[in-house]
Amino acid sequence: MKKVFGYWIYTLFVGILVFWGFKQGQTLSIQVSQTLRPYSFYFFMAYYPIVIGLLLGIPELISHVRREGKWRIDWQKIFGIVVPTLLVNMSALLITSSASKYLGNWYSVILDKQVLSISGLVCGYMLSSSFEKVAPDGND
C-alpha cells in the first residue's frame, strides 16, 4: 500500500506540473503576441518537454538507486537518442538567432509543437534511463 500511495503522490505531482506547463505555455504565447519577442516562448517549448520526460523516468531511476551495484552510463543511448532529440529541441532556439536564415524550410518542422513535445519527452526519458546500476558480478 505504501508503494501505491507513493505512485499517487508522484502522479499528482507530474499532473500538477503538466497543468502548470500548459498554463505557462498559454501565458507565454499571449505575451509573444503582445511583445513580438518569442525567445522565452521558444525556450519554454524546447525545454519543458525534456523536464517532463525526466520526471517520467524517475520511478525507473529510483528502482536503480535501490539496487546493489556500480553505476553505469549507457553512452549508446545518450549519443544515439538523447543527443539527436536534444538538438531537435535546441534548434527551436535557433529561430530567434541570426542563424535562422540558414534553416530554410526547417521552420515548419522545428516549430511544430508536437515534434518538440515528442522529441523532448523522448530526450528526457532516455536521459534518465541512461543511468543504471550493474550488479557487482557483472550481470544485470
Side-chain angles (χ1 to χ4, degrees):
M1 189 65 177
K2 190 178 189 182
K3 196 171 187 177
V4 171
F5 184 69
Y7 280 127
W8 282 348
I9 297 297
Y10 166 75
T11 303
L12 181 64
F13 176 72
V14 171
I16 289 170
L17 192 64
V18 167
F19 179 75
W20 172 84
F22 285 133
K23 293 301 237 179
Q24 188 67 21
Q26 290 174 345
T27 301
L28 288 172
S29 179
I30 292 168
Q31 181 182 359
V32 167
S33 67
Q34 293 171 347
T35 64
L36 300 177
R37 294 185 188 149
Y39 186 76
S40 60
F41 179 68
Y42 291 146
F43 184 86
F44 181 78
M45 279 179 35
Y47 292 108
Y48 171 70
I50 295 173
V51 171
I52 297 298
L54 283 168
L55 283 175
L56 293 176
I58 282 179
E60 183 180 355
L61 190 61
I62 289 173
S63 73
H64 286 294
V65 168
R66 293 182 177 166
R67 291 183 190 161
E68 293 292 323
K70 187 176 181 181
W71 281 102
R72 176 178 93 82
I73 299 173
D74 189 349
W75 292 105
Q76 293 170 342
K77 270 187 191 177
I78 290 179
F79 288 118
I81 300 172
V82 174
V83 171
T85 55
L86 181 63
L87 290 175
V88 167
N89 277 50
M90 287 176 54
S91 63
L93 299 176
L94 290 176
I95 291 171
T96 60
S97 71
S98 60
S100 64
K101 60 185 169 189
Y102 301 111
L103 292 175
N105 293 333
W106 274 90
Y107 279 107
S108 60
V109 174
I110 293 169
L111 289 180
D112 186 23
K113 289 181 183 181
Q114 290 176 339
V115 170
L116 288 175
S117 295
I118 292 170
S119 174
L121 286 171
V122 168
C123 178
Y125 183 80
M126 286 295 151
L127 181 62
S128 68
S129 70
S130 296
F131 299 96
E132 57 190 12
K133 278 191 178 176
V134 179
D137 60 0
N139 297 330
D140 288 332

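Predicted model only: the values in this text are computed from it and were never measured. When a residue number appears, it is its place in the shown sequence, counting from 1.
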Problem - Heavy-atom closest pair, residues Ser128 and Gly57 - result: OG-CA, 3.2 Å
Exercise for the section: Please round to the nearest 0.5 Å and tell me the distance separating atom CD of Gln26 and atom CD of Gln24. Expected result: 10.5 Å
Handout entry: Path from Ile62 to Leu12 over hydrophobic side-chain contacts below 4.5 Å
Key = no
Exercise for the section: Give a yes or no on whether Val83 and Phe131 share a hydrophobic cluster (residues Ile, Leu, Val, Met, Phe, Trp, Tyr; joining criterion: side-chain heavy atoms under 4.5 Å apart). Expected result: yes
Handout entry: Rounded distance (nearest 0.5 Å) linking atom OG of Ser117 with atom CE of Met45
Key = 7.5 Å
Handout entry: Donor-acceptor contact present, side-chain Lys133 to main-chain Arg72, <3.5 Å
Key = no
Handout entry: Ser130 OG to Ile78 CD1 distance, which is reported to the nearest 0.5 Å
Key = 4.5 Å
Exercise for the section: State, with a plain yes or no, whether a side-chain heavy atom of Tyr125 is found less than 4.5 Å away from one of Ile52. Expected result: no
Practice task
For the residue pair Phe44 and Tyr48, categorise the inter-ring angle as parallel (less than 30°), tilted (30 to 60°) or perpendicular (more than 60°).
Solution key: parallel
Problem - ring-ring contact (aromatic ring centres under 6.0 Å, His included) pairs, two or more places apart, involving residues 49-76 - result: Trp75-Phe79
Exercise for the section: Could you tell me the separation between the CD1 atom of Ile58 and the OG atom of Ser63, rounded to the nearest 0.5 Å? Expected result: 12.0 Å
Exercise for the section: Might you point out which heavy atoms bring Gly80 and Pro84 nearest each other, and give the distance in Å? Expected result: O-CG, 3.5 Å
Handout entry: Nearest heavy-atom neighbours spanning Ser33 and Leu36
Key = O-CD2, 4.3 Å
Problem - Asn89 versus Leu116, closest heavy-atom pair with distance - result: ND2-O, 3.3 Å
Problem - Minimum side-chain heavy-atom gap Tyr47-Met90 below 4.5 Å - result: yes
Problem - Leu61 side, atom CG; Leu56 side, atom CG - distance, nearest 0.5 Å - result: 12.5 Å
Problem - Joint hydrophobic cluster, Leu17 plus Ile9, side-chain heavy atoms closer than 4.5 Å - result: no
Handout entry: Minimum side-chain heavy-atom gap Phe13-Tyr10 below 4.5 Å
Key = no
Problem - ILVMFWY cluster, Trp8 and Phe19 together (side-chain gap under 4.5 Å) - result: no
Practice task
Examine distances only and state if a side-chain atom of Ser119 and a backbone atom of Thr85 form a donor-acceptor pair shorter than 3.5 Å.
Solution key: yes
Handout entry: 4.5 Å side-chain heavy-atom contact, Lys77 and Ser129
Key = yes
Completion exercise
The reported gap from CG in Leu127 to CD1 in Ile73 (rounded to nearest 0.5 angstrom) is 9.5 Å
Exercise for the section: Could you state whether Tyr7 and Ile16 fall into the same hydrophobic cluster, counting links through intermediate Ile, Leu, Val, Met, Phe, Trp or Tyr residues with side-chain heavy atoms under 4.5 angstrom apart? Expected result: no
